[in-house]
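By convention in this document, chain letters (A, B, ...) are assigned in the order of the sequence lines, proteins followed by strands, and residues within each chain are numbered from 1. Just the heavy atoms: all of them, side chains too, but no hydrogens, waters or symmetry mates, feed the values below.
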Amino acid sequence: MKSLRLGLVLLLCAVLGLAVTSCLGTSPAYISSNKTHNVHMIVKMNRGDYWNTVKLGAEAAAKEFNVKLTFKAPDSESDIDEQITMVEESIKQKADVIILAASSYMGLAQVVDQAEYYRIPVISVDAEVGSAKVKTYVGSNGYEAGQKSAERLIDLLNGYGEIGIINFTNSTSGQTSSTGTIDYGARDADEREKGFLNYAARFPNVEVVQISYTSSNTADAEQLTRDMLHSHPNLRGIATLNETASQGAGKVIQELGPSPLKMVAFDSSPSMLEMLQDGTVQATVIQNPFNNGYLAVKYAVEATEGMDVPERVDTGTKLIDLDNMLWPENQKLLFPFVR
Amino acid sequence: MNKPKAYFFPHRPQPGRRGRLRLPSKLRSIQLIITLTFTAVTVLVAVIVSFMLYNKFSATAEANANMNMQQIIEQVNYNLELYVKGMGNIFETAEEHITSSPSIDSPLLSERMDMLMSSREDLVSVAVFTPQGKYVVGTPGQSMRINTQLQSQSWFTSAVKNPEISYSAPHIQNLFKGRYTWVVSISKMIEYKENGQIRKGILLIDFNFRTIDELSRQVKLGKRGYAYILDPLGNIVYHPQQQLIYAGLKYENVEPVLEYKFRSYLDESTGEKRFITVRTLDLTGWKIVGVAYYDEIVTTKRDLNHFLAWFLGVVIVGVIVLSILLSWLIASPIRKLERTVKLVGEGDLNTPIHVSGAYEVEQLSRRFNMMLQRIRQLMDQIIYEQETKRKGELEVLQSQINPHFLYNTLNSVIRLAERGKTDEVVTMIQSLSKFFRISLSKGKNMITMQEELDHIRHYLVIQSFRFKNKFRYEIRAEEEVLAYQTIKLILQPIVENALYHGIEMLPDEGLITITAGLQEGLIVIRVSDNGLGMSKETLGTLLSGGGKSSSGSGVGVRNVNERIGLVYGREYGLAFESELEEGTTVTICFPAVKAGEGPEEGREESVQ
């Protein structure tokens with residue numbers, strides 16, 4: 001009887017103690033788990049202002065959300081095999097999440113499925129990958145970007161004339177790719193091109209005379225531009241669909257000196273903005289690389305925390321020209337506040 | 001178990017089944033009550049004290065944190081003020097150089113400007129523009145870009161509008177070739193000389209964010225807290241997450257900040273409690289805003305929480321253990337006592353009680369022991385008295401028909417009859433018959449004094465025949481005494497004694513005087529003789545049982561004394577006065593009780 005009473009009393013005291021502790025101890029609600037998240041970010045290329053800005057965004061998020069960020073990228077945007085190897089490595093290193101900007105839509109699909117098999121969530125940034133297992137996509141709408149580019153270029157040309165496009169893709173077979181049944185090109189490149197062509201098709205007087213594909217190399221892009229200008233002397237406008245291509249083409253046009261040739265570039269590297277300011281390039285379609293990087297890491301963390309993440313996050317595109325480049329809100333987009 | 005006990009002790013108070021509702025007896029045990037009360041009180045006190053301490057501490061911690069934060073922001077404000085003043089000084093120095101220079105394109109000025117530029121790392125560019133936006137002079141070695149749109153830039157417009165020094169919001173400097181950098185511009189309309197002519201121009205100095213960044217970065221407001229700087233229009237000059245805010249990924253609620261120059265408040269717009277402290281820089285109108293997270297600022301509060309939780313837990317456990325122990329210490333001797341008393345109650349009067357513990361309990365057990373002893377004593381006494389009484393009664397019963405006396409008397413009757421003394425025979429037989437009737441008196445124990453005196457008279461009549469003028473007797477009784485009650489046959493043994501021991505051996509005629517009277521509510525009967533008397537020794541042994549009434553009717557004097565004592569109490573009984581050769585007086589003394597009202601009857605019964 002005595003031991004029973006003792007037990008009762010102890011129980012009572014335990015309940016009391018529990019009540020007291022539960023009353024006083026509350027947990028914070030924000031995401032700042034003490035756990036360090038191991039996030040691997042694999043992008044297309046380890047050079048270029050665009051990817052640097054993506055990296056900046058990712059680092060900002062990493063700092064904020066207590067993330068150990070491993071940033072990896074091959075030397076070239078067309079090096080699919082290298083990228084696949086990197087993803088495999090990350091799987092081996094047991095990353096918590098993999099953020100991937102796929103150089104090839106289909107080429108990376110298999111390895112993404114493999115990551116999913118090891119229960120590593122994959123988040124796409126910038127360029128989608130052909131796998132249903134991807135948690136979320138953070139990036140801009142390539143098709144819309146292509147349309148914006150086309151709209152402005154055709155506007156600049158007053159609605160007629162020959163246009164050349166310099167795009168990028170990773171298929172080694174060069175110019176004849178992207179028509180095959182299996183799409184080995186980068187998804188964003190394809191989308192932009194499609195958007196451009198579809199818009200241009202509305203104008204009977206506008207003719208896209210040539211589409212060249214550069215392998216993410218300014219010198220190569222310059223050469224392609226020269227070739228294009230050589231083979232199409234009546235060319236009135238050039239549209240470039242990524243940063244390297246824009247830089248290469250811009251350089252060639254700058255070297256040519258004042259000419260009626262109009263150009264709509266892509267992305268907002270500082271050199272591109274200089275060309276925009278000095279009039280070499282009339283407009284550029286910009287994405288939001290900082291946000292891409294930041295949001296990709298943020299959603300990566302949320303995914304590992306088991307929160308719901310949106311399936312697709314469009315960070316938007318914008319057309320920038322000389323008039324609006326100094327608008328305060330555009331300044332903030334164009335020039336990352338880097339310290 | 002209860003039933004037979006109740007049966008055996010019908011007068012014992014039974015466990016109350018009536019009256020107010022009572023808790024089950026187990027819950028009313030001293031130990032439980034002490035434990036619960038003690039625990040409840042102590043825990044209550046501990047909780048109240050902790051609560052008060054917590055409130056007090058947390059309020060202090062909050063106030064401290066708040067004050068600390070204000071001091072930090074004050075410091076930043078001060079440093080920034082110094083810095084902005086420094087910027088102003090540089091601007092003034094540059095202005096002085098330019099205005100004092102005889103010509104704007106003099107090499108001396110250019111040299112000075114160069115020096116000025118190299119003196120500070122956070123200087124980006126110095127330049128003078130005409131009010132039309134034409135470049136006049138600037139840091140040597142920099143070349144203008146085209147399409148700068150400088151006339152629409154804020155530093156330019158405000159310099160044109162405002163004669164004072166104006167500080168711009170952060171913006172991209174796109175004037176000169178090289179990098180695009182984020183700068184804060186200071187501008188003012190100044191005068192300069194060119195080719196001997198005084199002209200107006202706008203002096204522009206751009207500062208980058210290096211120093212502001214350094215100053216603000218030092219601010220540590222907890223782990224997540226930070227400080228940011230706003231310009232008077234609400235543009236963010238500096239923010240640790242500037243790019244995130246520029247990119248629209250973060251949002252800072254600046255409206256309540258802009259309304260005040262000097263303010264501290266609690267902001268919950270983000271869903272989290274944050275302390276906001278605002279200070280304003282007088283020179284530029286910039287606002288330095290410190291943001292600290294409430295739950296971080298009051299980490300002491302959380303620590304306190306943990307500490308108090310532990311403290312309370314330990315206290316509660318300690319108190320419970322202590323109170324169980326204490327209550328056990330108090331209650332266990334009482335419970336032991338209770339068990340022993342229960343044994344006693346069940347009839348084992350010889351149970352010894354040795355309970356040690358608290359003083360009170362010890363005393364209780366000792367007193368109880370004494371009581372028990374007394375009970376045992378009384379029990380023994382009762383047993384003895386009962387035995388004596390029965391024996392006495394048996395003797396009385398026997399004396400009622402004492403064969404020896406009967407035989408002597410009848411012998412006397414026969415002798416009288418032989419001599420033909422018919423009258424005397426009749427008298428004798430009559431007396432004998434009455435004597436026996438009163439002796440028996442229907443088995444009653446109590447008779448009236450009248451009867452008792454008649455009885456002794458008959459006895460004396462009979463004896464006077466036997467002793468043949470050997471003695472005379474006198475019986476004097478007050479009239480009122482006759483109605484009182486007495487135990488029967490108390491006089492006969494005394495008179496018998498007087499006859500056989502006092503008068504029989506006397507050569508002269510003896511005299512037995514019996515007087516009965518009422519004195520102060522007591523009946524006093526005196527039996528005196530003028531016989532031999534007794535020595536002191538004999539007198540002493542008379543009542544203590546030594547002196548056996550060897551002969552006579554056999555109902556001893558001692559027996560009379562015992563019976564009176566048993567019926568009326570020990571203080572009543574016989575008293576002897578005797579003098580050798582003089583005689584003996586026996587005084588019988590007992591309370592006067594009228595016939596029919598006697599407590600004696602009840603008493604008799606209760607004793608039986």
Side-chain angles (χ1 to χ4, degrees), chain A residues 1-2 5-6 8-10 12-30 32 53 56-57 60-61 63-64 270-271 273-274 276-279 288-295 298 315-316 322-323 325-339, chain B residues 26 29 31-32 35-36 39 43 47 50 54 145-149 152-154 169-172 174 177 179-182 208-210 213 217 223-224 235 239 241-249 271-272 293 295-296 302 304-306 308-310 312-314 316-317 319-321 323-324 328:
Chain A
M1 187 190 88
K2 190 181 268 180
R5 189 183 306 170
L6 194 80
L8 264 169
V9 167
L10 282 181
L12 182 86
C13 113
V15 166
L16 243 163
L18 206 74
V20 166
T21 39
S22 68
C23 276
L24 298 179
T26 47
S27 57
Y30 52 90
S32 96
T53 312
L56 275 177
K63 201 175 147 197
E64 191 176 336
S271 59
L273 291 167
E274 298 222 17
L276 194 64
Q277 194 174 354
D278 64 25
N288 211 335
F290 186 90
N291 286 17
N292 287 356
Y294 180 88
L295 290 175
K298 187 180 168 211
T315 51
L322 185 58
D323 294 328
M325 74 178 279
L326 284 185
W327 293 0
E329 73 266 26
N330 290 343
Q331 278 189 15
K332 289 169 185 174
L333 276 181
L334 292 171
F335 308 96
F337 196 93
V338 186
R339 287 187 281 267
Chain B
K26 261 177 198 167
S29 83
Q31 176 160 12
L32 196 66
T35 308
L36 288 185
T39 309
V43 166
V47 166
S50 312
Y54 174 76
R145 296 180 203 263
I146 55 167
N147 299 329
T148 55
Q149 304 171 334
S152 64
Q153 290 185 20
S154 68
H171 66 103
I172 282 291
N174 67 338
K177 288 190 176 161
R179 289 193 64 204
Y180 288 97
T181 38
W182 283 93
N208 65 20
F209 281 85
R210 186 189 295 264
D213 190 26
R217 203 197 293 263
K223 222 171 169 184
R224 297 191 299 144
N235 296 310
H239 193 288
Q241 290 183 315
Q242 201 143 349
Q243 182 56 36
L244 291 180
I245 287 179
Y246 282 180
L249 295 170
E272 256 190 278
Y293 286 82
D295 58 343
E296 273 191 2
R302 215 173 19 242
L304 203 66
N305 271 348
H306 282 270
L308 281 183
W310 274 110
L312 271 185
V314 168
I316 288 169
V317 170
V319 161
I320 285 172
V321 168
S323 57
I324 286 173
W328 180 81

Next item on the list: I would like to know whether B/Tyr246 and A/Leu333 meet side-chain contact (heavy atoms from CB on, under 4.5 Å); could you show each step before the answer?
Entry: CA-CA 7 Å; B/Tyr246 282 180; A/Leu333 276 181; over 6 Å; no
Notebook entry, point to check: With distance as the sole test, does B/Gln243 use its side chain to make a donor-acceptor pair with the main-chain N or O of A/Phe290 at under 3.5 Å?
Noted result: no
Next item on the list: Side chain from CB out, backbone as N, CA, C, O: work out which of these in A/Glu274 comes under 4.5 Å of a heavy atom of chain B, or both, or neither.
Entry: both
Notebook entry, point to check: Between B/Thr181, B/Val319, B/Asn147, which shows the greatest number of heavy-atom pairs under 4.5 Å with chain A?
Noted result: B/Asn147
Next item on the list: Check whether B/Thr148 gets within reach of chain A through its side chain, its backbone, both or neither, counting any heavy atom under 4.5 Å.
Entry: both
Margin query: Need one label for A/Leu273: side chain, backbone, both or neither, based on atoms under 4.5 Å from any heavy atom in chain B.
Written below: both
Check: Parallel, tilted or perpendicular: which fits the ring planes of A/Phe335 and B/Trp182, with parallel below 30° and perpendicular above 60°?
Finding: perpendicular
Item checked: Set of side-chain contact (heavy atoms from CB on, under 4.5 Å) partners for A/Asp278, sequence neighbours left out -> A/Gln254, A/Met275, A/Thr280, B/Ile146
